[in-house]
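Counting convention: from 1, in listed order, for ligands and their atoms alike. Side chains included, hydrogens not; waters and symmetry mates left out as well; all remaining heavy atoms used.
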Amino acid sequence: MSAVDPIIQIVDVDKFYGDFKALSDVTLNVRSGERVVICGPSGSGKSTLIRCINHLEKHDGGKIIVDGVELTEDTKDIRAVRQEVGMVFQQFNLFPHLTVLENLTIGPIRVKKTSRAQAEATARKYLERVHIPEQANKKPSQLSGGQQQRVAIARSLCMEPKIMLFDEPTSALDPEMINEVLEVMVELAESGMTMICVTHEMGFARRVADKMVFMENGKVIEVAPPEQFFSAPSSERCRIFLDQILRH
Ligand code: ADP
């Protein structure tokens, strides 16, 4: 697979749940190394859009091409794309019966057939990266929410993805733990990772985003660099949304 730019092409994508149109004509390009933040009201299709990128949801119309591979029903292509795309969810989805280290090594060992020694070395490297190397032998229930989410980020990184998707990664956290997770995400952004983040953390967005996206009713309403997005959004709906969330 060759390096292609844009690394993600989303072209005229539609998505239905039954009769309900959750995505309508969505077009978005993401360059390699670009950091995209998606915001918008609840139910606007943000999560559906990023779930379509690794085929957790199947789109019904249009095209999604990830690093040169078009997402079709071909399971070989889906597997190829999933290997390149890491995803972090609102709920951490760690295996409760496994230690932190085992949570981090199970994917590389089972899916990538990495040796245990190599998988553990990689896991420890990424636990350092998310600043919790000392938690390797604990079970998820022994960690705080912020620590569990950092384990979930490290788990994704252990698969050495080219792209990371974040679906409201801090919205299930107590307020005092949000910053420790955002800090790890900022460091990841600064390392050059291609990232798409669904979040309403606008301080984070201002720090890292190259491109801001506002969605409403399944449509992309506005795409702009952060300076323009925050100071002079071109749509009235985006302006009202920003007024509401920035007031908090
Ligand atoms: P957001 O992430 O912006 O809150 P979602 O992508 O989660 O929005 O949802 C978009 C719309 O699609 C919402 O109206 C939601 O209720 C609906 N939806 C999401 N997932 C499903 C599903 N699995 N089945 C039916 N409707 C769904």
Side-chain angles (χ1 to χ4, degrees), residues 8-30 34-66 71 73 75 78 81-82 85-93 145 149 152-153 156 163-173 175 178 181-182 185 194-206 208-209 211-224 226 229-230 233-248:
I8 302 174
Q9 288 173 273
I10 300 169
V11 187
D12 292 338
V13 162
D14 294 325
K15 164 73 188 168
F16 289 87
Y17 294 113
D19 291 339
F20 176 73
K21 198 169 191 184
L23 293 178
S24 187
D25 257 339
V26 170
T27 292
L28 186 68
N29 284 333
V30 180
E34 195 169 29
R35 285 86 60 126
V36 177
V37 169
I38 305 179
C39 63
S42 179
S44 56
K46 307 179 296 294
S47 178
T48 300
L49 177 61
I50 66 166
R51 291 166 68 87
C52 282
I53 296 171
N54 62 357
H55 215 70
L56 287 177
E57 296 289 354
K58 176 181 150 323
H59 57 290
D60 297 301
K63 274 190 199 179
I64 300 179
I65 303 169
V66 180
L71 277 169
E73 286 309 287
T75 48
I78 294 169
V81 166
R82 289 216 177 124
V85 181
M87 183 144 180
V88 174
F89 302 88
Q90 185 176 339
Q91 305 299 338
F92 326 121
N93 298 335
Q149 191 59 301
I153 294 172
S156 281
I163 298 162
M164 286 284 286
L165 308 176
F166 291 86
D167 192 358
E168 302 209 34
T170 59
S171 47
L173 297 176
I178 291 175
V181 172
L182 291 178
M185 290 170 63
T194 306
M195 292 166 65
I196 304 184
C197 309
V198 173
T199 181
H200 291 156
E201 293 292 337
M202 291 299 136
F204 166 79
R206 281 179 198 271
V208 310
K211 189 188 272 179
M212 294 295 304
V213 176
F214 174 71
M215 291 183 69
E216 193 178 53
N217 297 329
K219 295 198 171 80
V220 169
I221 305 287
E222 180 131 2
V223 180
F229 186 86
F230 288 110
S234 55
S235 88
E236 178 69 3
R237 285 180 291 179
C238 183
R239 193 185 58 69
I240 293 168
F241 175 79
L242 287 175
D243 276 353
Q244 282 167 351
I245 60 166
L246 295 175
R247 215 178 293 142
H248 291 294

**Q.** For atom 8 (O) of ligand 1, the protein heavy atom that lies nearest, with its residue and separation
**A.** Gly45 N, 3.2 Å
Q. Does the protein place any heavy atom closer than 4.0 Å to atom 15 (C) of ligand 1?
A. no
Q: Report the nearest protein non-hydrogen atom to atom 2 (O) of ligand 1: residue, atom name, distance rounded to 0.1 Å.
A: Ser47 N, 2.8 Å
Q | atom 3 (O) of ligand 1 - nearest protein heavy atom and its distance | A | Lys46 NZ, 2.7 Å
Q.
Determine whether a donor-acceptor pair (N or O, by modelled atom type, separation under 3.5 Å) exists between the side chain of Ser24 and the backbone of Asp14.
A. no
Q: Check whether any heavy atom of Ser42 sits under 4.0 Å from an atom of ligand 1.
A: yes
Q. Is the number of heavy atoms from other residues, nucleotides or ligands under 6.0 Å of Lys219 NZ greater than 12?
A. no
Q) Would Arg237 count as a cation-pi partner of Phe214, with NZ or CZ less than 6.0 Å from the six-membered ring centre and within 45° of the ring normal? A) no
Q) In terms of heavy-atom contacts, does NZ of Lys63 have more than 12 from other residues, nucleotides or ligands at under 6.0 Å? A) no
Q: Examine distances only and state if a side-chain atom of Ser156 and a backbone atom of Val88 form a donor-acceptor pair shorter than 3.5 Å.
A: no
Q.
Test your reading of the structure: does Ala22 have an N or O sitting under 3.5 Å from an N or O of ligand 1?
A. no
**Q.** atom 10 (C) of ligand 1: the protein heavy-atom neighbour that sits closest, reported with distance to 0.1 Å
**A.** Gly43 O, 3.4 Å
(Q) Between ligand 1 and Pro41, can you find any atom pair, the residue atom being a heavy atom, that is separated by under 4.0 Å? (A) yes
Q) Among protein heavy atoms, which sits nearest to atom 19 (C) of ligand 1, and what does the distance come to when rounded to 0.1 Å? A) Tyr17 CE1, 3.3 Å
**Q.** atom 9 (O) of ligand 1: nearest protein contact (heavy atom, Å)
**A.** Thr48 OG1, 3.8 Å
**Q.** Side chain Glu222, main chain Ser234, donor-acceptor under 3.5 Å
**A.** yes
Q. Hey, which atoms in ligand 1 end up nearer than 4.0 Å to a heavy atom of Ser44?
A. 1 (P), 3 (O), 8 (O)
Q. For residues Gln149 and Thr170, is any side-chain donor paired with an opposing acceptor at under 3.5 Å?
A. no
Q: For this output row, return yes or no: ring centroids of Phe241 and His200 closer than 6.0 angstrom.
A: yes
